[in-house]
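Working notes for the structure below.
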Amino acid sequence: MQVNLQRHPIENVETETLIVPVFQDRKDDRFGLGELYDSGEIAGKLYEMTLLHHAPGVKAKRLLAAGAGKPEKFGTAELRRLAGAAIRHLKSKSITEAALFLDAPQADSEHVAAAVEGAILGGFEPDRYKTDKNNNKSVERFSVVTPGGGPHLDAALDRGRIIAESQNFTRALVNEPANRLTPTVLAEHARQVAQEFGLEYEVLDRDRMAQLGMGSLLGVAIGSAEPPALIILRYKPAKVSPGAAHLGLVGKGVTFDTGGISIKPADGMEKMKYDMGGGAAMIGAMRAIAQLKPAIPVTALVPAVENMPGSRAQRPGDIVTALSGKTIEVINTDAEGRLILADAITYAQRLGCTHLVDAATLTGAVVVALGHINIGLFANDDALRERVMLASRAEGEKMWHMPLEDDYKDYLKSAFADIPNVGGRHGGAITAAMFLKEFADPTPWVHLDIAGTAWLDDAKPFLAKGPTGVPLRSMVRLAMEWEP
Ligand code: BES
Ligand code: MN
Ligand code: ZN
């Protein structure tokens, strides 16, 4: 999708389709809309779409009155979704060009970026492997139109484009099936990103990881014929202030999770291709970070493995030694995410990361706790948690702060090793986070359990079914707003 910014009064916008937000409980008298409010045909309810031809008072060929809901609830998150919903509506009508008008007080940087993001994200379809794309039209050109405003708005448009294109890149990766996206192929995608946008790229192979002593990660990888990869992408700002923070972004990269010997039920197992959603989000975040150039260094680490059963696979009861030196009793081979993250977190510390955020499709329990709405956020540090929370709120990626208290340590006791890889039946998302904390401490760290939010089981008005790309936008903002 081509995007651009134009500055015109609303009457003069020349476009196939002028998208105008209209509100609930606030009758709009422009362009003949008043009559439709009076007749009840327009109520301004969220995502209600009304397409009109030859609307009076505009040059545009068509006008799409896009229901924006209650004005007091309308912020950038709602605008992002509304732009997406409008694009998806127009797509279904085979319309290929549109312009969204932002009037004061919405004609500012944050709104311009959100509108572009929503449009690009709404345009994405996970249809790469459909050979007949005739039924899937796309909006090819999209403009944001404001009555005026300085060059900061052009920068905002660019930023929104870069972020949303990166998020769609992540969504496409997540949607790749596991026969086509192995750990090796994921590393190759990361290498291409590094080459195209100027990042340092490094990959640790099985031998190197064995040499270093990453027994926890390798224990998971051993069941698969596909070799593991620890993917590393580094961004360095032009000048690094001494003592500056160094952000580490760690993402779970299980390209397929069968559960291993503790095998999962067949029902729904096909979805376990999205078990690398955290890793893909961190690679996508680096794609944006490379272009937007924050002031602090950022390093992404993605432990990539396939979790398979087989004659060489690790067994329940096996004891592995992690890179940190801690021994782990593998009670359940399906709790593999924390095993690979443990070694990646330790390695991130060794690379000098002063602050860590991990994103992982880690537990079914977080879906029970929070549904598909909120990411589960766990933290060992209040200041970093606040930074991540602020970023997530600004980006409309909901996160809910979950407990991580020493009392829960009682749930993680092994008779034979330092720590088991699972707790009891209760508080599954918390015990998973407690396990990671054993490796993250004392580095300030936030853990994001995205098992419920990385995948949409049904399309939303503003987003296709499938991968969402969370928490990419929050990670980019976290890096961008960090002053060294
Ligand atoms: N990848 C899964 C978690 C998951 C579940 C992601 C549903 C997305 C949707 C993870 O590796 C896993 O299998 N977790 C187990 C842990 C259990 C064995 C303690 C789970 O949640 O059942
Ligand atoms: Mn698993
Ligand atoms: Zn998993």
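The model shown is predicted, which means the values in this text are computed figures rather than measured ones. Start at 1 and go down the list; that is how both ligands and their atoms are numbered.
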Under 4.0 Å between a side-chain nitrogen and a carboxylate oxygen: does that hold for [X] and [Y]?
| X | Y | value |
| --- | --- | --- |
| Lys91 | Glu140 | no |
| Glu481 | Arg387 | no |
| Glu117 | Arg81 | no |
| Asp205 | Arg208 | no |

Sub-3.5 Å N/O-N/O distance, [X] and ligand 1:
| X | result |
| --- | --- |
| Lys252 | yes |
| Ala335 | no |
| Asp275 | yes |
| Asp334 | yes |

In terms of the angle between their ring planes, are Trp482 and His355 parallel, tilted or perpendicular, with boundaries placed at 30° and 60°?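 Because their plane-to-plane angle is over 60°, the rings of Trp482 and His355 count as perpendicular.
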Aromatic ring pairing His447/Trp445, orientation class (parallel under 30°, perpendicular over 60°, tilted between):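 Parallel.
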For [X], the ligand 1 atoms whose distance to one of its heavy atoms is below 4.0 Å:
| X | value |
| --- | --- |
| Val422 | 19 (C) |
| Met272 | 1 (N), 6 (C), 7 (C), 8 (C), 9 (C) |
| Arg338 | 16 (C), 19 (C) |
| Glu336 | 11 (O) |
| Ala451 | 6 (C), 8 (C) |
| Tyr274 | 8 (C), 9 (C) |
| Thr361 | 1 (N), 2 (C), 3 (C), 6 (C) |
| Asn332 | 18 (C) |

Quick check: does Lys252 put an N/O/S atom under 2.8 Å from the Zn ion (ligand 3)?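 Yes, Lys252 qualifies, because one of its backbone or side-chain N, O or S atoms lies under 2.8 Å.
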Nearest non-hydrogen protein atom, [atom]:
| atom | result |
| --- | --- |
| atom 14 (N) of ligand 1 | Leu362 O, 3.4 Å |
| atom 5 (C) of ligand 1 | Gly364 N, 3.7 Å |
| atom 2 (C) of ligand 1 | Asp257 OD2, 3.5 Å |

Charged tip of Lys437 within 45° of Phe378 ring normal and under 6.0 Å: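 Not satisfied by the 6.0 Å and 45° rule.
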Does the side chain of Val330 come within less than 4.5 Å of Ile319's, by heavy atoms?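 Of all side-chain heavy-atom pairs linking Val330 with Ile319, none is under 4.5 Å.
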Do [X] and [Y] meet the criterion of a side-chain donor-acceptor pair at a distance under 3.5 Å?
| X | Y | result |
| --- | --- | --- |
| Thr453 | His372 | no |
| Gln349 | Thr443 | yes |
| Gln192 | Glu188 | yes |
| Thr333 | Ser262 | yes |
| Glu110 | Thr76 | no |

Any idea which part of [X] is under 4.0 Å from ligand 1, heavy-atom wise: side chain, backbone, both or neither?
| X | answer |
| --- | --- |
| Lys264 | side chain |
| Trp455 | neither |
| Asn307 | neither |

Taking the Zn ion (ligand 3) as the reference point, name the nearest N/O/S atom of [X].
| X | answer |
| --- | --- |
| Asp257 | OD2 |
| Asp275 | OD2 |
| Glu336 | OE2 |

Is Glu336 close enough that one of its N/O/S atoms sits under 2.8 Å from the Mn ion (ligand 2)?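 True for Glu336.
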Atom of Asp257 closest to the Mn ion (ligand 2), considering N, O or S atoms: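 Restricting Asp257 to its N, O and S atoms, the minimum distance to the Mn ion (ligand 2) goes to OD2.
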Donor-acceptor check, side chain of Thr258 to backbone of Asn307, threshold 3.5 angstrom: yes or no?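 Looks like yes, one N/O pair under 3.5 Å.
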